[in-house]
Amino acid sequence: MRLIIMGPPGAGKGTQAKGVAARYGIPAISTGDIFRANVSEGTPLGLEAKRYMDAGDYVPDSVTNNMVRDRLAEDDAAGGFLLDGYPRTLAQVAELDGMLEASGTALDAVLVLTVDDDELVKRLVLRAQTDGRTDDTEEVIRHRQDVYNEQTAPLIEVYAERGLLVRVDGMGEVTEVAERIATALDGARA
Ligand code: AMP
């Protein structure tokens, strides 16, 4: 399975990605997690990414695309993967298309988690308290939502036109959402 999981900040992508990846025996590849790991290790990539992340802006496409290209070339991604947080711009969609074409593979589905705006803010404020992410302050959260709406939401239409979109209601308990996802993906594969 080659999957993408999308949704606004706070939709529960990271949480659900782990369950979906385990279910299909594929790696969950989160660009946010890779950036954060680089930030904590103080690598040059981390230093470059941090200033964008702290402001709630996207890391430049060139940096992000190269990082994903390298990650997808690793052995564990040969049989499938779940991308969490990538692609986020139309330019990244084009780049991913090229990577897949070059390896003679294709996406199976693009999962979109939908959650009410009020619930999103609630979840992010809570996450700021529990995880201590430096990009989870209220001001940065708002900015990240704007950036998502401007740059990433348009991708939903692109994948819908390709017949790949699987929309799942992301409201409710983690286990409920996980069940909805499993049902929807099994339906999409059938
Ligand atoms: P996330 O954990 O997915 O919310 O990502 C955290 C931050 O990492 C984002 O707000 C961006 O600054 C950066 N980031 C993650 N994925 C991407 C991407 N595909 N393109 C650009 N920036 C990204």
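As a basis for the values below, the full set of heavy atoms in this structure was taken, side chains included, without hydrogen atoms, waters or symmetry mates. In each ligand, atom 1 is the first atom listed, and ligand 1 is the first ligand listed.
Taking the charged nitrogens against the carboxylate oxygens, Glu139 and Arg142 have no contact shorter than 4.0 Å, which rules out a salt bridge. Classification of Lys122 and Asp117 as a salt-bridged pair fails, no side-chain N sitting under 4.0 Å from a carboxylate O.
The single protein non-hydrogen atom nearest to atom 15 (C) of ligand 1 is Arg88 NH1, 3.2 Å, given as residue, atom name and distance. Closest to atom 22 (N) of ligand 1, if we only count protein heavy atoms, is Val59 N, 3.1 Å. Residue, atom and distance of the protein heavy atom nearest to atom 23 (C) of ligand 1 are Phe35 CE1, 3.7 Å. Ranking the protein heavy atoms by distance from atom 19 (N) of ligand 1 puts Gly85 O, 2.8 Å first. Gln92 NE2, 3.0 Å is the protein heavy atom nearest to atom 20 (N) of ligand 1. From the protein, the heavy atom lying nearest to atom 10 (O) of ligand 1 is Arg144 NE, 4.0 Å.
Note: no N/O pair closer than 3.5 Å links Tyr86 and ligand 1 by distance alone.
Heavy atoms of Arg36 come nearer than 4.0 angstrom to ligand 1 in at least one pair.
No side-chain heavy atom of Met67 sits less than 4.5 Å from a side-chain heavy atom of Val59. Looking only at side-chain heavy atoms (C-beta outward), Met6 and Thr152 come within less than 4.5 Å of each other.
Using a 4.0 Å cut-off to heavy atoms of Thr64, the atoms of ligand 1 that qualify are 18 (C), 19 (N), 20 (N), 21 (C). Ligand 1 places these atoms under 4.0 Å from at least one heavy atom of Thr31: 15 (C), 16 (N), 17 (C), 19 (N).
Among the candidates Asp76, Asp33, Asp84, the single residue satisfying the salt bridge (Lys or Arg N to Asp or Glu O under 4.0 Å) test with Arg71 is Asp76.
Counting only distance, with no hydrogens or angles, the side chain of Asp169 and the backbone of Met171 share a donor-acceptor pair below 3.5 Å. Within the 3.5 Å criterion, the main-chain N or O of Gln151 finds no donor-acceptor partner in the side chain of Thr89.
Evaluated by nearest non-hydrogen atom to atom 8 (O) of ligand 1, the leading choice among Met53, His143, Lys13 is Met53. The closest non-hydrogen atom to atom 12 (O) of ligand 1, taken over Val63, Leu83, Asp57, comes from Asp57.
Here CG of Leu83 is found 5.5 Å from CD1 of Ile29. Values are rounded to the nearest 0.5 Å.
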